[in-house]
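The first residue in the sequence is number 1, and the count goes up from there. When reading the values below, keep in mind they use all heavy atoms of this one structure, side chains included, and skip hydrogens, waters and symmetry mates.
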Amino acid sequence: MGTIAFIGAGPGAADLITVRGARLLATAEVVLADALTDPALRAWAPQARWIDVGKRGFGRATEQAVIHALLLHHAATGARVVRLKGGDPSVFGRLEEELAAVRAAGHDAVVVPGVTAALAAAADAQRPLTRRGHGRSVALATAMTREQDLHAGRHADTEVFYMAGKQLPGLARQLAAAGWPATTPVSVVSRAGWPDAIHSQHTLETLAQASVLHSGRPTVVWIGAGARGLTVPPATPNAQRLQAEAVKRAPA
């Protein structure tokens, strides 16, 4: 029986993959890759057979049953198989379904975590998802269900929505209905983790306007404490003195 490695490639550019993920990928003989993984990752395993099994919202998608069949077929040959997933495998990546299929067939599995899109988006926007004292909880949700119903609520200090690009007006209406005030800050990042990532800042009442800027791009939206801008204290003489004293006390 074979071993299948489920590796999180990160949400954007190839260098967001972890060191562990890159090392395992380099040993692969067969790679089943998601649509949003960077093609540059192929350089890590040039000897492998690469198979595109990507899914795109409202577009071409490989059926899940086909992915399961490919995983089991190649593992049964004894090949070193990598299932390369965008972001982190355990966050909206159908990891449970694929792990269950692999284990039911008697194969071993290893899971390597990756950077999920919410974290990359926060980094691109320089908006920490948690804030000391007033941003203690974060909820991750998909904007669209399997039945293509839009759901949004208020479950944490910061609420993050994946795959939200085509639903921004509807998302804004549902968030307002869930009790978020119209002046609540909202951050939007499309193509998080890529060099061409775009960040825009809004309030809930202006969120729908972001559709123009982010249309057609994988988009992450977050609302609440984590979407607020940074509070930068003024550089007063007292602050400068304290900083100089702290530098002196720091170990060499």
Side-chain angles (χ1 to χ4, degrees), residues 6-13 16-17 33-38 53-62 64 83-98 113-125 127-130 135 137-175 178 180 184-194 196-202 204 207-208 210-211 213-227:
F6 294 86
I7 298 175
L16 284 176
I17 195 171
D34 276 354
L36 295 180
T37 54
D38 189 347
V53 294
K55 299 176 184 290
R56 298 300 300 267
F58 305 99
R60 183 183 64 83
T62 304
Q64 194 62 41
R83 177 69 174 97
L84 191 63
K85 292 178 171 288
D88 179 273
S90 66
V91 181
F92 308 125
R94 298 205 181 196
L95 177 62
E96 181 178 22
E97 299 169 51
E98 295 178 17
V115 178
T116 190
L119 303 183
D124 286 331
R127 298 286 193 276
L129 289 179
T130 61
S137 58
V138 179
L140 307 181
T142 54
M144 189 70 73
T145 68
R146 185 190 313 181
E147 294 75 24
Q148 298 191 357
D149 293 328
L150 183 65
H151 286 282
R154 188 174 185 179
H155 309 289
D157 298 327
T158 302
E159 197 97 11
V160 184
F161 296 93
Y162 285 58
M163 297 168 272
K166 293 181 180 293
Q167 295 86 32
L168 294 181
L171 181 64
R173 290 191 295 271
Q174 290 216 3
L175 289 170
W180 292 96
T184 306
V186 184
S187 281
V188 182
V189 170
S190 56
R191 283 183 58 82
W194 294 94
D196 63 343
I198 295 175
H199 167 237
S200 60
Q201 191 67 25
H202 310 270
L204 179 55
L207 173 58
S211 296
L213 187 61
H214 300 279
S215 177
R217 296 163 57 93
T219 302
V220 175
V221 177
W222 67 106
I223 183 170

Does any non-hydrogen side-chain atom of [Y] lie less than 4.5 Å from one of [X]?
X: Arg83; Y: Val53; value: yes
X: Val91; Y: Tyr162; value: yes
X: Gln167; Y: Gln174; value: no

Spatial distance of atom [atom1] ([X]) from atom [atom2] ([Y]) [nearest 0.5 Å]:
X: Arg173; Y: Leu207; atom1: CZ; atom2: CG; value: 10.5 Å
X: Leu204; Y: Ile223; atom1: CG; atom2: CD1; value: 4.5 Å
X: Thr116; Y: Leu16; atom1: OG1; atom2: CG; value: 11.5 Å
X: Ser215; Y: Lys166; atom1: OG; atom2: NZ; value: 6.0 Å
X: Trp194; Y: Asp124; atom1: CH2; atom2: CG; value: 12.0 Å
X: Thr158; Y: Arg127; atom1: OG1; atom2: CZ; value: 12.0 Å

Evaluate the side-chain contact (heavy atoms from CB on, under 4.5 Å) criterion for residues Val189 and Trp222: first the C-alpha distance (whole Å), next the side-chain angles of each, then the deciding distance (0.1 Å), finally the verdict. CA-CA 9 Å; Val189 170; Trp222 67 106; 3.7 Å; yes
Whether the side chain of [X] engages the backbone of [Y] through a donor-acceptor N/O pair (distance < 3.5 Å, no angle test) should be reported.
X: Asp34; Y: Leu36; result: no
X: Glu97; Y: Gln64; result: no
X: Ser137; Y: Asp157; result: yes

Taking all non-hydrogen atoms of both residues into account, name the closest pair between [X] and [Y] and its distance.
X: Leu171; Y: Ala152; result: CD1-CB, 3.6 Å
X: Pro11; Y: Ala120; result: CG-CB, 3.3 Å
X: Gly153; Y: Leu175; result: O-CD2, 3.7 Å

Go through Phe92 and Leu140 one step at a time and tell me if the side-chain contact (heavy atoms from CB on, under 4.5 Å) criterion holds. CA-CA 9 Å; Phe92 308 125; Leu140 307 181; 4.3 Å; yes
